[in-house]
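Throughout, numbering of the chain's residues begins at 1 and tracks the sequence. As the structure lists them, so they are numbered: ligands from 1, and atoms in each ligand from 1.
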Amino acid sequence: MDLIEPSIHELADLYRRKAVSPVEVIQAYLDRIESLDPRINAYITVDAAGAMEQARAAEKRIAAGEGGPLTGVPLAVKDVLCTKGLATTCASNILKNFVPPYDAFIIARLREAGAVILGKTNMDEFAMGSSCEHSAYGPTRNPWNTDLIPGGSSGGSAAATAARLCAGALGTDTGGSIRQPAGHCGVVGLKPTYGRVSRYGLVAFASSLDQAGPITRNVRDAALLMNVIAGHDPADSTSAPEPVPDYTAVLDRDLRGLRVGLPAEYFAQGLDPEVEGAVRAAVDVLIRLGAEPVDVSLPHTEYGVAAYYIVAPAEASSNLARYDGVKYGMRLEGDRDLMDMYLETRSAGFGPEVIRRIMIGTYVLSAGYYDAYYRKATQVRGLIRQDFETAFERCDVLACPVSPIPPFKIGEMTDDPLAMYLTDVYTLCINMAGIPGLSVPCGRTASGLPIGLQLLGGMFQEARLLQTAHQYEQASEISFGREVPSL
Ligand code: GLN
């Protein structure tokens, strides 16, 4: 058997039966990363020694019959989540030498469950971007066609999962950064409800929108990771006390009677015909499985991009004020007075997209502009949230595209930030509303590239999204999760 072949739940099963050894599996992944990652650039840091040590510990636990749900499972983690003793750069020069003294809550959860952390994945700097090109470590490439972007900002996690450079990964999503790269790489990505997963140890971009979640080859694996990472954390006051269900329990339930809403505004002008065709075909599969289609409207969608690109940079400008070269992170060498030290350290440490966001954010929060921009945007946010509440009175889930276009060429949009922002049109509002969203592969373009279906649910409806996606995945002919890209 090719040891990189089994997905997370298959691997857990093989370990339970002692059919494969975690040491051999981890070694196979490390060898594959060494030979193929130079072509993808999915990893910023590979922790080969640490992973082998964890693998040996996993082997002992399995032999003693003491394994947890993820014992010996090789995972990758976006480089925005703090890992004790392992560099956490956020793909930024300003954090190049930052080694956290603690684990993020969800990293600690993964370790308790026995997971082996292979390394930290590439991303847009501080998670700002949609293409994984804004990284101080160079762009990540799409494993299905290395001339193309993998999506962003969790592009490294999605590309590594698709390319079999890990069995699954964690990403984060502020405006689409789990769902969009998952869609572009032919894997599954879930952005949980705001508050479902602790943000403790997740380096903040926009604190009212950020949420971490799984990126996996199939839906069952995403449910398994959710079982481990979801739940209340007293160290994150925004984390929800809501009980956590077993997300695998409902996967096999059929979809008869499920009301699937189709939001008109998410099938709008600018939607690529191949993407639209694949998403509509996926909805037909859901209908064949017993779901009932319902036409719904989310009328404030058209203000989503504008409002998000005020709220997110505003929060970012405040969150990123802490990188001043004083307590941690990089500081420019040489003698300067304090103000010059701040200015020059920040100018040298941050990349152009991050600087753009800090400037936009500072502007929209400044006296005289606050009411016109920031306050207005938060009002729009309220309307967007209400749109979803109204829609969910008439349906159980919403189905729509993830991205209006398939993966594009590296470099194609780097000179046009607005064009790049507009590609987030179908993902941003979900974060503004706080609801969960899932991306599952639903088709391929004529040139063989993955297309994602996005499923949305009401607050804390992750189980229903996973059930719907799993039923779809079983019935559909799209098999990216079982295919290995030739690299
Ligand atoms: N593309 C969006 C942005 O650039 C969302 C990023 C994210 O979800 N982290 O802000």
Side-chain angles (χ1 to χ4, degrees), residues 77-81 90-92 121-135 139-140 149-158 169-185 189-194 197 199 202-215 304-320 350-361 364 377 381 402-405 407-408 413-414 416-439 452 454:
V77 174
K78 187 178 182 181
D79 211 19
V80 71
L81 287 157
C90 295
S92 181
T121 55
N122 203 1
M123 53 185 280
D124 288 292
E125 185 176 358
F126 283 101
M128 297 173 191
S130 317
S131 65
C132 219
E133 293 167 291
H134 303 306
S135 164
T140 296
I149 58 112
S153 62
S154 311
S157 288
L170 292 183
T172 64
D173 190 314
T174 304
S177 281
I178 289 175
R179 293 159 285 154
Q180 186 255 26
H184 283 343
C185 289
L190 172 66
K191 185 213 75 92
T193 306
Y194 183 76
V197 172
R199 292 182 297 110
L202 157 59
V203 179
F205 161 15
S207 312
S208 76
L209 302 163
D210 298 341
Q211 193 61 195
I215 296 181
V305 174
Y308 170 90
Y309 278 97
I310 290 172
V311 172
E315 294 187 24
S317 70
S318 163
N319 276 324
L320 271 59
F350 291 130
E353 182 59 28
V354 174
I355 290 178
R356 182 178 297 123
R357 306 282 180 115
I358 292 173
M359 289 173 70
I360 295 172
V364 299
R381 185 175 183 177
V402 181
S403 169
I405 51 170
F408 47 90
M413 287 203 206
T414 28
D416 190 350
L418 193 56
M420 185 92 88
Y421 297 170
L422 286 168
T423 66
D424 299 334
V425 59
Y426 296 144
T427 49
L428 304 167
C429 290
I430 286 72
N431 302 67
M432 302 274 271
I435 60 174
L438 181 149
S439 169
Q454 185 173 219

In the protein, which heavy atom is nearest to [atom], and how far is it?
| atom | answer |
| --- | --- |
| atom 3 (C) of ligand 1 | Tyr309 OH, 3.2 Å |
| atom 6 (C) of ligand 1 | Ser177 OG, 2.9 Å |
| atom 5 (C) of ligand 1 | Tyr308 OH, 3.3 Å |

What atoms of ligand 1 come closer than 4.0 angstrom to any heavy atom of [X]?
| X | answer |
| --- | --- |
| Asp173 | 8 (O) |
| Ser153 | 9 (N) |
| Gly175 | 5 (C), 7 (C), 8 (O) |
| Phe205 | 9 (N), 10 (O) |

Using heavy atoms and a threshold below 4.0 Å, how should the contact between [X] and ligand 1 be classified: side chain, backbone, both, or neither?
| X | answer |
| --- | --- |
| Glu353 | neither |
| Thr174 | both |
| Tyr421 | neither |

Heteroatom proximity flag, [X] to ligand 1, N/O under 3.5 Å:
| X | result |
| --- | --- |
| Asp424 | yes |
| Ala127 | yes |
| Gly129 | yes |
| Leu428 | no |
| Thr172 | no |

With heavy-atom distances below 4.5 Å as the criterion, would you say the side chains of [X] and [Y] are in contact?
| X | Y | answer |
| --- | --- | --- |
| Ser153 | Lys78 | yes |
| Met420 | Ile149 | no |
| Ser154 | Ile215 | yes |
| Ser208 | Glu315 | yes |

For [X] and [Y], indicate whether the former's side chain and the latter's backbone hold a donor-acceptor pair under 3.5 Å.
| X | Y | result |
| --- | --- | --- |
| Asp79 | Asn122 | no |
| Arg179 | Gly437 | no |
| Ser92 | Glu125 | no |

Donor on one side chain, acceptor on other, Ser130 and Gln180, under 3.5 Å =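 Not at all, the side chains of Ser130 and Gln180 share no donor-acceptor pair under 3.5 Å.
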Going by atom types only, do Thr172 and Asp210 share a side-chain donor-acceptor pair under 3.5 Å?
-> no
Determine the interplanar angle of the Tyr309 and Tyr421 rings, folded into 0 to 90°, and report it as parallel if under 30°, tilted if 30 to 60°, perpendicular if over 60°.
->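 Parallel.
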Closest to atom 4 (O) of ligand 1 among His134, Met420, Arg357 (heavy-atom distance) | Arg357
